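All remarks here apply to the structure that follows.
Just so it is clear, the structure is predicted and the values come from calculations on it, not from any experiment. Just so you know, these numbers use all the heavy atoms, side chains as well, and skip hydrogens, waters and symmetry mates.
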Amino acid sequence: MNILIIDDEKTVLKTVDSQLKEMKLEMERIDTANSAEEAKEWMKQYHYDIFLCDIVMPETDGITFAKWVLERYPDVKIIFLTAYADVKYMKEAISMQSFDYVLQPVSTQELKNVVERAVSQIKIERKNQELINMGAFFQTYEESILETGALQYLEGRNEEDSYLRRLILSHNVNGAGESEYLPVLIQVLKTQKHLEKIEKPILRLIYQNVLDEVFQDLKVFSIILLEENSTDFAILLYWKRELSYETEALSEKLESFRILAFRALQTSMAIYCGRACGPAELVKYSQPLFQAKRDNVRRESRVFLPRENEKDVNRNSYRLQLGTWKKLLDQDQFLVFKDSILSYITKDYHGHMNASGMMNLHQSVTQLLLVYLVNHQIGSEMIFDDKLPYLTYMNSWQGYDLFEKALTYIAVKLQEITGKGKTKDVIRETVKYIRQHLDTDLPVTEIAEFAGMNPEYLTKLFKKNTGCTLKEYIVNEKMESAKMLLSTTSLPVTLISSHVGYGNYSNFTRSFKQLVGCTPMEYRKAASNQKMQ
């Protein structure tokens, strides 16, 4: 809170300011003004909660100033400080509901008591307003608040069941204790863009309309629980206990709901069906549904039955496959490597790879890839780029489609970098390019760009197939061309130097002598003598 002291007497200002600062009231600001006009200037910069104001002041008196303040800020507290015990002033101050009225000189303790009472009242009023606002907020967003709390309870993220109980009481047409319940979790896999932006109350009505159509021949009702920041939602189906519907019959209706949602709303869903139970068992049969949603890494659109959702997925280990995948990598069979892994997930696991298994498999595959990159001196920045950031790849285990896309990108990228399957063509085209551009500087990066490969890898590949590095081959070709021009033409050596891509004559002479064993002029002379003989 902030306090502003207003008095035309400087001595009073100084004294009251000193008294307040001694009290250690934890005020953010304690400011002083010697007139109402100066006080208004202060108020342009700061908000004040408490005013200690003299009544008798020149130009604008304290009563007039207080009225001006309260018109604009009705929640502030005005404490009048005056040396005049005038009944008229006191009556007027009380009539305008100022907070207090004390006579000067005031003791530090008395001033402290008055200010502390003002502080306490401000806190009480603020707290009351907060409660009023909270009540209004809850009334406005009650449905959303209850749904969020109920979903967290069903998932096991909190132990507060009051949200769920209140939600059931407000919706259940049979009476909360007279019904059997079936928890259902809906995972929206794909929907129209405009549905994602629709307000929750409207979206609830849309889904409710489809559910009513599906269950119209049964006396089954539904409570829809929409998540605040998600397209996913939960449904509590309920009916009178004596009706005793089988879960399988209800799951068939849910399949109809899934198909209708796709046809009418262009919304693809995965539906996880729990078991029929009483209100007390809803958490027990709801929690497996949330895990089943996380385990649906292939993002299948279908109804998952209770026996699937509650199953402990403990399948055969893929460890035996790792050796095969490693060999495929070592043989540079990148696409086969990719296909083998994806086939294992979809076939060997019969489509039931769960989130935990997917994460472990992803880690093992990543380890194989990283070892390959290190062994072949391929930097990770050559694989992970704007199209596939490293973080995106590391999170791709969360869905089969994400992993398939990432692994395919990596396999194609590795094939491009290494040039496997087209090595001979690459070497042939590289040699052709070098010979066509002997009159230029020919940096390795330029040649690699032409070949569509990483410079380091192209150099390694070139040496493996030709026995020399790119730089060595370029120099050899340049010198062979220079030797031919020296022996068959009368072109000046400086011009020949330029013809083979050397801008600097000295560099050309030095390279020539280093490789051939003599200077260009000596070579020309020797070649001429040989012709004469």
Side chains of [X] and [Y], heavy atoms from C-beta outward: is any pair under 4.5 Å?
X	Y	answer
Asp161	Tyr163	no
Leu369	Leu414	yes
Leu211	Ile224	yes
Tyr46	Glu28	no
Met27	Lys21	no
Glu246	Glu252	no
Asp217	Lys253	yes
Thr430	Tyr473	no

Please say whether more than 12 non-hydrogen atoms of neighbouring residues, nucleotides or ligands are located less than 6.0 Å from [atom1] in [X].
X	atom1	answer
Lys326	NZ	no
Gln45	CD	yes
Arg72	CZ	yes
Gln216	CD	yes

Flag the pair Arg166 and Glu160 as a salt bridge only when some basic side-chain nitrogen lies within less than 4.0 angstrom of an acidic carboxylate oxygen.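 Salt bridge: no.
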
Between Lys77 and Glu125, does any side-chain N to carboxylate O distance fall below 4.0 Å? yes

Can you tell me how far apart [atom1] ([X]) and [atom2] ([Y]) are? Round to the nearest 0.5 Å.
X	Y	atom1	atom2	value
Thr148	Gln152	OG1	CD	6.5 Å
Lys293	Arg299	NZ	CZ	10.0 Å
Leu254	Ile259	CG	CD1	11.5 Å
Ser301	Phe262	OG	CZ	7.5 Å
Gln187	Phe304	CD	CZ	8.0 Å
Leu305	Ile271	CG	CD1	11.0 Å

Heavy-atom donor-acceptor pair, [X] side chain to [Y] backbone, under 3.5 Å:
X	Y	answer
Asp232	Val188	yes
Gln377	Val374	no
Thr466	Phe462	yes
Asp49	Asn2	yes
His362	Tyr393	yes

Just to verify, what does [X] make a ring pair (Phe, Tyr, Trp, His ring centres under 6.0 Å) with, not counting sequence neighbours?
X	result
Phe215	none
Tyr73	His47
Tyr390	Phe384
Phe290	none

For [X] and [Y], work out which heavy atoms get closest and say how close.
X	Y	value
Gly149	Asn158	O-ND2, 3.7 Å
Leu182	Ala276	CD1-N, 3.5 Å
Leu4	Met43	CD2-CG, 4.5 Å
Ile168	Ile223	CA-CD1, 4.2 Å
Leu289	Pro183	CD1-O, 3.5 Å
Met269	Arg258	O-CD, 3.5 Å

Does Asp212 form a side chain to side chain donor-acceptor pair (under 3.5 Å) with Gln208? I'd like the steps, not just the answer. CA-CA 6 Å; Asp212 290 346; Gln208 191 69 62; 3.2 Å; yes

Residue pair Asn113, Arg117: steps toward the side-chain contact (heavy atoms from CB on, under 4.5 Å) verdict: CA-CA 6 Å; Asn113 292 341; Arg117 284 199 299 271; 3.9 Å; yes

From CA spacing to verdict: side chain to side chain donor-acceptor pair (under 3.5 Å), Tyr153, Ser286: CA-CA 10 Å; Tyr153 172 66; Ser286 294; over 6 Å; no

For Leu243, what residues pass the side chain to side chain contact (heavy atoms under 4.5 Å, CB included) criterion, not counting sequence neighbours?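 Leu243: side chain to side chain contact (heavy atoms under 4.5 Å, CB included) contacts with Lys219, Trp239, Lys240, Tyr245.
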
Donor-acceptor list for residues 400-410 side chains, cut-off 3.5 Å, not counting sequence neighbours:
unit_1 : atom_1 : unit_2 : atom_2 : d
Thr408 : OG1    : Glu404 : O      : 2.7
Tyr409 : OH     : Asp385 : OD1    : 2.9
Tyr409 : OH     : Asp385 : OD2    : 2.7

Do we see a donor-acceptor contact under 3.5 Å between the side chains of Tyr272 and Asn296?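 Side-chain D/A pair, Tyr272 to Asn296: present.
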
Could you give me the CA-CA distance, side-chain angles and deciding distance for Phe257 and Ile186, then say whether side-chain contact (heavy atoms from CB on, under 4.5 Å) is met? CA-CA 11 Å; Phe257 171 69; Ile186 310 292; 4.2 Å; yes

Given side-chain contact (heavy atoms from CB on, under 4.5 Å), test Phe233 with Arg204 step by step and report yes or no. CA-CA 10 Å; Phe233 60 99; Arg204 183 184 291 104; over 6 Å; no

Let me see the working for Cys273 and Leu250 under side-chain contact (heavy atoms from CB on, under 4.5 Å), right down to the final yes or no. CA-CA 9 Å; Cys273 182; Leu250 294 172; 5.8 Å; no

